[in-house]
Protein chains: 4
Amino acid sequence: MFELDIRSRKPIYEQLMDNIKELIVTGILKPDEKLPSVRTLSQELTVNPNTIQKAYRELEREGYLYSASRKGYFVAPVDQVEQKDKLKELKETLQALLKEAIYFGLTKETLEEWFDEIKEGGETDDSRQRSNEDV
Amino acid sequence: MFELDIRSRKPIYEQLMDNIKELIVTGILKPDEKLPSVRTLSQELTVNPNTIQKAYRELEREGYLYSASRKGYFVAPVDQVEQKDKLKELKETLQALLKEAIYFGLTKETLEEWFDEIKEGGETDDSRQRSNEDV
Amino acid sequence: MFELDIRSRKPIYEQLMDNIKELIVTGILKPDEKLPSVRTLSQELTVNPNTIQKAYRELEREGYLYSASRKGYFVAPVDQVEQKDKLKELKETLQALLKEAIYFGLTKETLEEWFDEIKEGGETDDSRQRSNEDV
Amino acid sequence: MFELDIRSRKPIYEQLMDNIKELIVTGILKPDEKLPSVRTLSQELTVNPNTIQKAYRELEREGYLYSASRKGYFVAPVDQVEQKDKLKELKETLQALLKEAIYFGLTKETLEEWFDEIKEGGETDDSRQRSNEDV
DNA sequence: GTGGTCTAGACCACG
DNA sequence: GTGGTCTAGACCACG
């Protein structure tokens, strides 16, 4: 489920964040769904609890998770206002990357294909087991 | 010309890289054009020479620049093979980002608009077109 | 009546305390008025009885409530001595907060407005005046 | 300079934050002034570096400090927009506290006196080291 | 059982 | 020299 590369230059807590974001963004983790407890995940991944906690907290700060008192961490539902803010945030990053990709030959057609690939991957997934899906 | 934010969490050498990539990618820096020497740029930006050096080296490693022994660093022209490799590299990053953006409400239409914005912004410079047109 | 936010970082028993203080302080709960029993409130709010108990005990300790052995918890009338003590306690906290607010641009005029807003909001309730007028 | 009470229920990192806020808010620490390094302060206060770091980072998140690459932490100057936001944030807390204080007999006159004390304390206090300025 | 705080201390990246 | 990451592990508060 989680892909962590200890050798990577990217800190483990950031890799964890990316992994969890992916699960949320593809709908595998649903709004208000509970995440594994800090301790549990720590044992499963053999990563220090503090590192898990750091990832969870940062995701809370970014609006992906919320923590309910001492009950644990949960996937945050996104309302429209937050959506717009988040999208504006992402625009800049995305545009910088698009500029690069265009320089290296990305065409509008290819971009549209990529977009469709993602849409199809997520949209039609109703198996929820998600082992047989084409994300 | 260069936007460096010393308060940013992003390391200065990475900010430098981003700035130079931007200049290359938008065609302001042309293929085979010489970049300012490490010393010069170091003084202009009041940045440690080691930091400039690191940015140049890293850009060379990524294929944006080439260095001619003692003569300095130059913008690398991109051939078709390199282009495709680079694009494939970027695809993964871009798709992850697109997934997020779609989750936060990005539509195909908006994405196309963003694409066009960039294309129009760069289109007027035709020296840059050379390397892109033969794709 | 009670605003509890399970997602808040503030413990539920503290949120409960704040809510009850607010009701007392605005005169909605009158001196010697009985509070709902721990059990009742626990069911109404679907909150653990221990949590209600803790809030009530803490409010008793702070002088807002008194408990009559097995009969339950009641709003404590405040006599002049207690009032002065309480006010002295609050002074320190208030001054720290005022310092901050002044740093961020709070003027005397704005502060007076805020004071008046509260006074007007509460003034209409005259049962509450009793305990305040003899100051 | 710093008052830390290990026995207090308030976490050390929060006590640290309060102390530093106080120094900033009273003008003892000036905008862009450097704070002691994490390590230095850690040794001076015999508090774990992680705890210092936590306080610094939280103060950064709240807009009191900024961190410059690897140069250390500095007092953040506040612009007008941030000021207004911060003041709005504080309003709610202050009003809740004012309500309580009014309940316990705080009069407008007393409140104004407290306001003036703070203003004067900052304004005319030239006995300090930092001394001859009028914050 | 859950997250939160804190310590002691190692190692790394940046400049 | 500076902050950032990470571990191993203790103890606490809340519910």
Side-chain angles (χ1 to χ4, degrees), chain A residues 4 6 8-16 34-43 45-58 60 65-74, chain B residues 4 6 8-16 42 45-55 58, chain C residues 4 6 8-16 42 45-55 58, chain D residues 4 6 8-16 34-43 45-58 60 65-74:
Chain A
L4 296 182
I6 307 176
S8 163
R9 296 171 55 88
K10 183 177 277 188
I12 294 173
Y13 84 93
E14 282 186 17
Q15 295 183 47
L16 263 167
K34 189 179 179 306
L35 276 92
S37 86
V38 170
R39 279 173 167 73
T40 308
L41 197 53
S42 160
Q43 284 168 353
L45 304 178
T46 53
V47 163
N48 189 287
N50 288 330
T51 307
I52 309 284
Q53 200 188 31
K54 180 159 192 180
Y56 278 3
R57 278 175 111 138
E58 197 63 16
E60 187 183 16
L65 303 182
Y66 66 91
S67 78
S69 268
R70 312 286 157 165
K71 296 218 177 69
Y73 282 89
F74 300 82
Chain B
L4 298 181
I6 200 171
S8 163
R9 254 183 159 60
K10 184 178 278 186
I12 289 170
Y13 84 94
E14 281 186 18
Q15 294 184 48
L16 266 168
S42 161
L45 305 176
T46 53
V47 161
N48 191 307
N50 292 330
T51 309
I52 310 282
Q53 187 64 260
K54 177 153 194 180
E58 199 62 19
Chain C
L4 297 181
I6 200 171
S8 164
R9 267 210 147 38
K10 184 178 280 187
I12 290 170
Y13 84 93
E14 281 186 18
Q15 294 183 48
L16 266 167
S42 161
L45 304 177
T46 54
V47 162
N48 190 309
N50 292 330
T51 309
I52 310 281
Q53 186 64 260
K54 177 153 194 180
E58 199 63 18
Chain D
L4 296 182
I6 307 177
S8 164
R9 296 172 54 88
K10 184 179 276 189
I12 295 172
Y13 83 94
E14 281 186 18
Q15 294 183 48
L16 263 167
K34 189 179 179 306
L35 275 92
S37 85
V38 170
R39 278 172 168 72
T40 308
L41 197 52
S42 160
Q43 283 166 355
L45 305 177
T46 53
V47 163
N48 189 286
N50 288 330
T51 306
I52 309 285
Q53 201 187 30
K54 179 159 194 180
Y56 278 2
R57 278 175 109 139
E58 197 63 17
E60 187 183 14
L65 302 182
Y66 66 90
S67 79
S69 268
R70 311 288 157 163
K71 296 217 176 69
Y73 281 87
F74 301 82

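What's counted below: heavy atoms across the whole structure, side chains too, no hydrogens, waters or symmetry copies. Chain letters run A, B, ... following the sequence lines, proteins first and then strands; every chain starts at 1.
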To the nearest 0.5 Å, what is the distance between CD1 on A:Ile6 and OG1 on A:Thr46? 6.5 Å
Could you state the [atom1]-[atom2] distance from [X] to [N], rounded to the nearest angstrom?
| X | N | atom1 | atom2 | answer |
| --- | --- | --- | --- | --- |
| D:Gln43 | E:dT7 | CD | C1' | 15 Å |
| D:Glu58 | F:dG3 | CD | C1' | 17 Å |
| D:Leu35 | F:dT2 | CG | P | 13 Å |
| A:Leu41 | E:dG3 | CG | C1' | 14 Å |
| D:Phe74 | F:dT2 | CZ | P | 10 Å |
| C:Ile6 | E:dT2 | CD1 | P | 15 Å |
| A:Gln53 | F:dA8 | CD | P | 16 Å |
| A:Ile52 | E:dT2 | CD1 | C1' | 15 Å |

Classify D:Tyr56 by what it touches in the nucleic acid, base, sugar-phosphate, or nothing, heavy-atom distance under 4.0 Å. nothing
What's B:Val47 touching, base or sugar-phosphate or nothing? Going by heavy atoms closer than 4.0 Å.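 No contact.
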Side chain to side chain contact (heavy atoms under 4.5 Å, CB included) involving [X] - partner list, sequence neighbours excluded:
| X | answer |
| --- | --- |
| B:Asn50 | B:Asn48 |
| A:Lys54 | A:Tyr13, D:Arg57 |
| D:Leu4 | D:Ile12, D:Gln15, D:Leu16, D:Asn19, D:Leu45, D:Val47 |

Any residue meeting salt bridge (charged side-chain N to carboxylate O under 4.0 Å, His left out) with [X], in chain and number order, not counting sequence neighbours:
| X | result |
| --- | --- |
| A:Lys10 | A:Asp18 |
| B:Arg9 | D:Glu60 |
| B:Glu58 | B:Arg61 |

For C:Ser8, check side-chain hydrogen bond (donor to acceptor under 3.5 Å, both in side chains) against everything at least two apart and list the hits.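 Per chain and number, C:Ser8 pairs via side-chain hydrogen bond (donor to acceptor under 3.5 Å, both in side chains) with no residue.
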Report the nucleotide, chosen from F:dG3, E:dG4, E:dG3, that has the shortest atom-to-atom distance to any side-chain atom of D:Ser37. F:dG3
For the helix from E:dG1-F:dC14 to E:dC14-F:dG1, what is the angle between the axes at its two ends, each from 5 pairs, rounded to 10°?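 If I round to tens, the end axes sit 30° apart.
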Under 30°, 30 to 60°, or over 60°: which ring-plane class applies to D:Tyr73 and D:Tyr56, parallel, tilted or perpendicular?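 Correct class here is tilted.
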Indicate for each nucleotide in nucleotides 10-15 of chain E, in 5' to 3' sequence, whether protein heavy atoms under 4.0 Å reach the base (B), only the sugar-phosphate (S), or nothing (-). -B--BS
Taking OP1 and OP2 of E:dG4, is either one under 4.0 Å from a side-chain nitrogen or oxygen of A:Tyr73? yes
